[in-house]
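In what follows, a structure is listed as structure tokens, so that the remarks can point back to it.
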Amino acid sequence: MTNKYLRWFIFLFVSGALLIIIDQGVWQIPNWVLKRDMVKISSRCSQVKPGMSFSDVLRVMHDGARPFDESLAENDMHFFWDARHECRVELDGTRRVVVKAYAYDVQPSVGFNSN
Amino acid sequence: MNKDQLQIRLSYWQRTLGMALIVTCFVLLAEFWSLTTHLAEYDRLYLGESSRDVDHTLAQAGIHCFDSTMPQGPQKCYFSDPWRDYIVTFDSRNGTVIRKVVIIRQPVTLLTRLANRFAAQEVNDPSNDRFRVDLSRGATRSP
């Protein structure tokens, strides 16, 4: 009888532990894939050349890659692949073509600003 | 250990593993569905696109876009799936997309989800006086 309860206890304990391990592992997969796509932005930055159009830049940056954060200002575009690394694309304001593109390390700041 | 005992033990572990796999698959299947939908629609949004086009794209996928606009701030569109949050910011002058952000959430395990659910029930329980709201001082938790 005691053996039966012990077996049930072990069964429930092991099932619960496996459930948590599997669930935790599955949670990591989509985020691992996304992070891998984000890192590709660093190599995409070098493919952006002067004279490219605004839409060409977007095409290059999203070709098998996905920025963590991307923004568009008057004369530049920003593509982050993590919180500290950015690809900056400077645009000619009148024709909206690329003047310069370069990657650089962002100075760390306190908190995250999503504005 | 004879041959019969070995067979029973093997099936016992197989049952244990099988149960964990089946339950986890059921729990995650629904979450995966929203994951693929939301990420695919996020990828269809582009910088410079109008807010009307963004609304149309998201509405077609059945995604509700929450407006998280702060007073005097730029208009924003916020949506999420169990794995990540998506924020799209619009230019206040011409209503085009000027920023797109995807934020990866920390992994939340089944245990954490269950704990959060119980915690929410505890806070919302009117008979529980451990969580008391003093409007003159703000929310306080009594010892």
Side-chain angles (χ1 to χ4, degrees), chain A residues 3-4 6-38 53-55 57-59 61-74 76-83 89 91 96 112-115, chain B residues 8-9 12-13 15-25 27-29 31-32 34-36 38-39 42-49 68-70 73-74 76 78 81-91 96-114:
Chain A
N3 195 24
K4 189 183 169 187
L6 186 66
R7 288 187 66 172
W8 262 107
F9 175 77
I10 294 171
F11 177 76
L12 290 173
F13 180 79
V14 173
S15 297
L18 280 174
L19 203 65
I20 292 165
I21 291 166
I22 294 166
D23 182 64
Q24 182 77 6
V26 172
W27 258 92
Q28 299 288 353
I29 295 169
N31 289 343
W32 176 75
V33 171
L34 190 68
K35 280 175 186 168
R36 195 191 57 180
D37 288 349
M38 285 174 175
S53 69
F54 169 77
S55 53
V57 175
L58 288 180
R59 185 178 48 76
M61 286 296 178
H62 291 97
D63 182 21
R66 184 181 288 111
F68 143 72
D69 181 354
E70 55 188 305
S71 61
L72 170 66
E74 289 279 326
D76 47 24
M77 299 169 83
H78 304 264
F79 299 91
F80 288 83
W81 62 90
D82 62 36
V89 180
L91 300 170
R96 266 209 163 173
F112 174 74
N113 178 16
S114 64
N115 280 328
Chain B
I8 289 167
R9 189 152 294 182
Y12 166 78
W13 287 110
R15 276 205 311 270
T16 305
L17 183 63
M19 182 184 163
L21 278 172
I22 289 166
V23 174
T24 312
C25 285
V27 170
L28 292 167
L29 208 59
E31 294 180 339
F32 263 125
S34 65
L35 167 78
T36 51
H38 286 64
L39 191 60
Y42 174 80
D43 285 343
R44 288 177 62 191
L45 309 178
Y46 287 100
L47 293 175
E49 199 175 13
S68 61
T69 307
M70 300 297 284
K76 287 185 182 181
Y78 167 84
D81 59 37
W83 275 266
R84 39 195 90 123
D85 297 316
Y86 307 92
I87 303 171
V88 180
T89 308
F90 299 95
D91 189 341
T96 56
V97 176
I98 54 168
R99 191 174 185 190
K100 282 174 63 191
V101 185
V102 53
I103 301 168
I104 296 174
R105 288 185 182 178
Q106 291 300 312
V108 182
T109 62
L110 278 177
L111 266 191
T112 314
R113 276 177 259 164
L114 286 172

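The sequence lines fix the lettering, A, B, ..., with proteins before strands; numbering per chain opens at 1.
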Problem set entry | Distance, nearest 0.5 Å, that separates CE of Met61(A) from OH of Tyr46(B) | 13.5 Å

Seminar exercise, completed: All heavy atoms of Leu47(B) vs all of Phe54(A), minimum pair found to be O-CZ, 3.5 Å

Exercise. Which heavy-atom pair separates Leu72(A) from Val97(B) by the least distance, and what is that distance?
Worked result: CD2-O, 4.3 Å

Problem set entry | Leu12(A) versus chain B, the contacting section by heavy-atom distance below 4.5 Å | neither

For this session: Show the numbers, then the answer: is there a side chain to side chain contact (heavy atoms under 4.5 Å, CB included) between Val102(B) and Met38(A)?
Result: CA-CA 10 Å; Val102(B) 53; Met38(A) 285 174 175; 3.6 Å; yes

Problem set entry | Any side-chain heavy-atom pair of Arg66(A) and Asp43(B) under 4.5 Å | yes

For this session: Go through the atoms of Phe80(A) and report whether side chain, backbone, both or neither lie under 4.5 Å from a heavy atom of chain B.
Result: neither

For this session: Could you tell me whether Lys100(B) and Asp69(A) make a salt bridge, using a distance below 4.0 angstrom between a side-chain N and a carboxylate O?
Result: no

